[in-house]
Amino acid sequence: MPGGIVLRPGKPPRIVQPAGAPPPKPPKAGANLDLGLMNLLRSDSRLRPGFAEAWVGEPVVSEGSRLARYYVGTAKVEICSGPETLYRITPREYTLPEAGSKLLWLARAEFVENSREGRNPAAAGSLRSRCRKEAGEIISSAARSARVSPGEIEQMGGLDFLTDALLRHTVGLGMLEYLLRDEHVQDIYIDAPADDNPVHVVIGDAGIEGISGKCITNIHLSEREAQALVSRFRFESGRPFSEAMPMLETDIEEFGTRVTVVGKPLSPEGVAIALRRHSAEPWTLPKLIALGSISPLGAGLLSFLIDGRSTVLVAGSRGAGKSSMLGALMLEFPLSQRILTIEDTLELPGARMQELGYKVQSLFVRSAVGGSGDRTADDALRVSLRLGESAIVLGEVRGREARTLYEAMRSGSAGSAVLGTIHGNSPKSVFERIVYDLDIHPEAFSATDIVVVCGLVRPGGRQKQVRRVTAISELVKGGEPGQFSDLMVYDDRTDSLVETENLARSPRVGAIAAQWGMGLDTAMANIRARAGIRESMVGGASANPNLLGPNAVVRSNSEYWALVDRLGSGQPEKLTEEWGQWFLRSAPYV
């Protein structure tokens with residue numbers, strides 16, 4: 001890196017020494033260089049080329065602290081251990097020689113001032129794709145004016161690379177794009193004030209082997225860029241954001257991401273932004289087993305309950321994996337089942353399930369924090385009840401739609417099954433939230449069959465939190481209001497979900513068994529057979545990781561139901577045997 005002064009937002013200048021230069025000498029007596037500046041010379045610097053708004057730090061890390069290194073597009077990512085795990089990113093455009101940075105700076109100024117397409121963001125088609133040709137022409141013109149040769153442009157990465165960089169830092173999301181394109185990153189947090197706080201990310205459980213949890217990054221967004229991002233979210237969503245309405249929720253479809261923004265006066269220090277990436281592929285019960293989130297028997301039980309058309313609420317705090325579990329449960333429906341989904345943020349895998357052969361109708365409704373032009377969840381639910389026999393899946397139960405839902409369940413017009421998520425850390429808290437907060441009569445709540453609780457736990461007291469299903473509980477019908485019976489609970493000694501004595505005498509399991517013409521013992525054997533099937537898929541995943549994916553789950557379940565049609569559900573041993581033969585033949589090719 002050439003020597004010079006690097007400006008830092010809200011901080012004194014940082015002097016950067018040229019590579020190979022000797023360290024600065026201590027100041028002599030009477031020198032104007034004070035001790036504070038000397039301390040700065042020992043600290044990490046932050047860089048921001050003129051064409052960008054985000055600052056990228058250059059923290060010094062040792063080779064031994066590096067846990068992983070990979071590339072996201074043209075940016076190098078290094079994850080390093082330390083007091084806080086560091087996510088260090090080095091975008092290629094930030095390492096351009098001075099001529100390249102100047103070229104992009106000139107092109108940005110011209111693009112921002114005179115772009116025809118960039119001034120019309122509401123026009124049809126992707127803004128980025130519409131601006132691409134124009135951006136390339138602007139860079140070529142700027143190169144001619146600055147007497148940058150074609151050979152020099154190639155050394156900088158080529159015209160396509162420079163065009164991508166220009167679009168990223170004008171009509172795009174800047175440095176956030178790299179984070180949103182990193183398949184390992186699950187959450188992104190920008191705390192207020194943006195230019196004083198580094199961006200934080202969360203590496204998901206399905207990310208890099210042995211690495212998950214919160215990381216501090218070397219990225220600082222300027223306050224101006226944070227405000228520009230909010231303006232874009234507000235424009236694209238059509239939803240208000242001001243001091244009178246200081247909350248905004250929307251989706252960035254291009255990146256499959258949900259955005260939540262808070263501002264003044266709710267956030268006194270300025271704008272704060274949280275982004276959550278949706279999983280590209282639906283979660284599955286075998287995948288959750290492989291990650292330790294649920295035991296094979298727990299997965300077998302949930303598969304049995306979904307197949308038995310139960311009403312299931314998935315509870316938990318934010319980030320506990322409620323939506324992931326709900327998506328996995330949806331894949332336990334047979335392909336013949338019609339499914340209606342209702343959500344205000346597009347997290348459920350409706351489109352992907354359609355590709356897999358499911359009959360899914362998605363209804364997208366207005367956010368709970370306001371908006372215009374959309375229908376409410378209650379409107380959508382009322383419509384869904386008139387769309388024919390279907391399973392109803394609510395992205396989150398949290399408003400007036402709860403009353404409509406429970407009225408429909410009690411009258412028998414809610415379809416073949418009802419699934420949904422709700423905030424709560426125990427079955428009792430779910431009951432209290434629905435009855436007291438959402439004003440549902442306790443007798444109406446009795447239409448609920450099962451509550452699945454997802455939680456964040458710290459096995460062995462470790463600092464790292466992991467996702468686990470902590471309870472599968474059945475509502476005791478005819479008992480005290482809000483009385484539950486735990487069928488399976490989390491055991492922190494074994495870090496696993498284990499069955500209780502209540503499972504073998506579960507009234508809900510017994511009711512499904514009666515519908516299928518079998519005894520309770522046979523139903524329990526069926527649950528264990530389903531558990532064995534999913535355990536076999538997890539075991540085979542070491543040779544073929546695709547066995548944890550949705551395609552394999554759909555094929556496996558379809559084969560199972562075909563065997564049920566031929567043999568009946570009352571022969572779990574025979575079902576397991578014939579499914580196993582099919583699995584041995586098919587597993588390598590899934």
Side-chain angles (χ1 to χ4, degrees), residues 180 183 185-188 202-207 212 249-253 255-260 274-289 291 293-294 298-299 302 306 311-333 339-354 356 358 360 362-365 367-369 377 380 391-399 401-402 405 417-425 430 433 450-456 465-472 548-550 553:
L180 292 172
E183 62 181 10
V185 172
Q186 174 182 292
D187 294 284
I188 304 168
V202 175
I203 302 296
D205 291 334
S212 65
E249 281 189 336
T250 187
D251 287 277
I252 311 175
E253 293 188 16
F255 295 98
T257 299
R258 179 180 66 185
V259 180
T260 302
L275 302 98
R276 163 157 286 197
R277 294 179 66 248
H278 308 321
S279 177
E281 279 282 270
W283 285 79
T284 66
L285 290 180
K287 187 175 181 179
L288 292 172
I289 294 171
L291 291 171
S293 296
I294 192 171
L302 291 179
I306 296 299
T311 297
V312 180
L313 294 179
V314 181
S317 59
R318 188 185 186 280
K322 299 188 300 295
S323 295
S324 300
M325 173 58 72
L326 189 61
L329 294 181
M330 288 173 64
L331 288 172
E332 295 303 309
F333 285 122
I339 304 169
L340 291 172
T341 66
I342 301 171
E343 53 185 331
D344 60 14
T345 55
L346 297 176
E347 293 184 284
L348 298 179
R352 182 69 178 96
M353 290 182 69
Q354 288 179 343
L356 294 167
Y358 282 92
V360 181
S362 298
L363 300 177
F364 185 48
V365 299
S367 169
V369 295
I392 296 175
V393 181
L394 275 168
E396 184 171 350
V397 179
R398 60 182 174 190
E401 71 277 5
L405 176 65
V418 175
L419 306 180
T421 69
I422 188 167
H423 283 280
N425 56 16
V430 170
R433 173 160 168 72
I450 299 292
V451 172
V452 179
V453 182
C454 298
L456 295 169
Q465 292 182 316
V466 293
R467 293 174 172 178
R468 297 290 186 264
V469 173
T470 57
I472 300 176
L548 302 180
V553 168

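Everything quoted here is computed from the prediction, not taken from an experiment.
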Q | Nearest-0.5 Å distance that lies between atom CD1 in Ile306 and atom CE in Met330 | A | 10.5 Å

Q: For the pair Val259 and Ile252, evaluate side chain to side chain contact (heavy atoms under 4.5 Å, CB included) and give the outcome as yes or no after the intermediate values.
A: CA-CA 7 Å; Val259 180; Ile252 311 175; 3.4 Å; yes

Q: Check the pair Ile450 / Thr311 against side chain to side chain contact (heavy atoms under 4.5 Å, CB included), numbers first and verdict last.
A: CA-CA 6 Å; Ile450 299 292; Thr311 297; over 6 Å; no

Q. Should Thr260 and Arg276 count as side-chain neighbours, where that means a heavy-atom distance under 4.5 Å?
A. no

Q | CG-CE distance between Leu329 and Met325, expressed to the nearest 0.5 angstrom | A | 5.5 Å

Please tabulate, for the side chains in residues 317-324, all donor-acceptor contacts under 3.5 angstrom to protein atoms that are two or more places apart in sequence or on a different chain.
unit_1: Arg318; atom_1: NH1; unit_2: Tyr189; atom_2: OH; d: 3.2
unit_1: Lys322; atom_1: NZ; unit_2: Gly316; atom_2: O; d: 3.4
unit_1: Lys322; atom_1: NZ; unit_2: Ser317; atom_2: O; d: 3.0
unit_1: Ser324; atom_1: OG; unit_2: Trp283; atom_2: NE1; d: 3.4

(Q) Using 0.5 Å steps for rounding, measure from the CD atom of Glu183 to the CD1 atom of Ile203. (A) 10.5 Å

Q) Of all heavy-atom pairs between Val453 and Asn425, which one has the smallest distance, and what is that distance? A) CG1-O, 3.6 Å

Q. Can you find a heavy atom in the side chain of Leu394 that is under 4.5 Å from one in the side chain of Glu343?
A. no

Q. Within a strict 4.5 Å, meaning less than it, do heavy atoms of the Leu331 and Pro282 side chains meet?
A. yes

Q. After noting the C-alpha distance and the side-chain angles of Asp187 and Arg277, does the key distance pass the side chain to side chain contact (heavy atoms under 4.5 Å, CB included) rule?
A. CA-CA 6 Å; Asp187 294 284; Arg277 294 179 66 248; over 6 Å; no

**Q.** Main-chain N/O of Phe333 paired to Tyr358 side chain as donor or acceptor, under 3.5 Å
**A.** yes

Q. Would a 4.5 Å heavy-atom cut-off, applied to side chains only, mark Thr421 and Val397 as touching?
A. no

Q) So, for Leu288 and Ala328, which heavy atoms are closest and what is the spacing to 0.1 Å? A) CD1-CB, 4.0 Å

**Q.** Smallest separation among heavy atoms of Arg468 and Leu291, with atom names
**A.** NH1-O, 3.6 Å

Q.
Is the shortest side-chain heavy-atom distance between Leu302 and Ile472 below 4.5 Å?
A. yes

Q) So, do Ser362 and Val360 sit near enough that their side-chain heavy atoms are less than 4.5 Å apart? A) yes

Q: Given side chain to side chain contact (heavy atoms under 4.5 Å, CB included), test Val466 with Leu456 step by step and report yes or no.
A: CA-CA 5 Å; Val466 293; Leu456 295 169; over 6 Å; no

Q.
So Glu281 and Lys287, do their side chains get closer than 4.5 Å, heavy atoms only?
A. no

Q. Got a second to check how far Leu313's CG is from Ile422's CD1, nearest 0.5 Å?
A. 6.0 Å

Q.
For a quick test of reading the model, state the closest non-hydrogen atom pair linking Pro550 to Leu356 and the distance between them.
A. CB-CD1, 3.7 Å

Q | Inter-residue atom distance His278.NE2 - Glu253.CD, 0.5 Å rounding | A | 9.5 Å

Q | Nearest heavy-atom neighbours spanning Val430 and Ala315 | A | CG2-CB, 3.4 Å

(Q) Using 0.5 Å steps for rounding, measure from the SG atom of Cys454 to the CZ atom of Arg467. (A) 9.0 Å

Q. Is Leu419 close to Val314 at the side-chain level, that is, under 4.5 Å between some pair of heavy atoms?
A. no

Q. Given Arg258 and Glu249, is the salt bridge (charged side-chain N to carboxylate O under 4.0 Å, His left out) satisfied, shown in steps?
A. CA-CA 7 Å; Arg258 179 180 66 185; Glu249 281 189 336; 5.6 Å; no

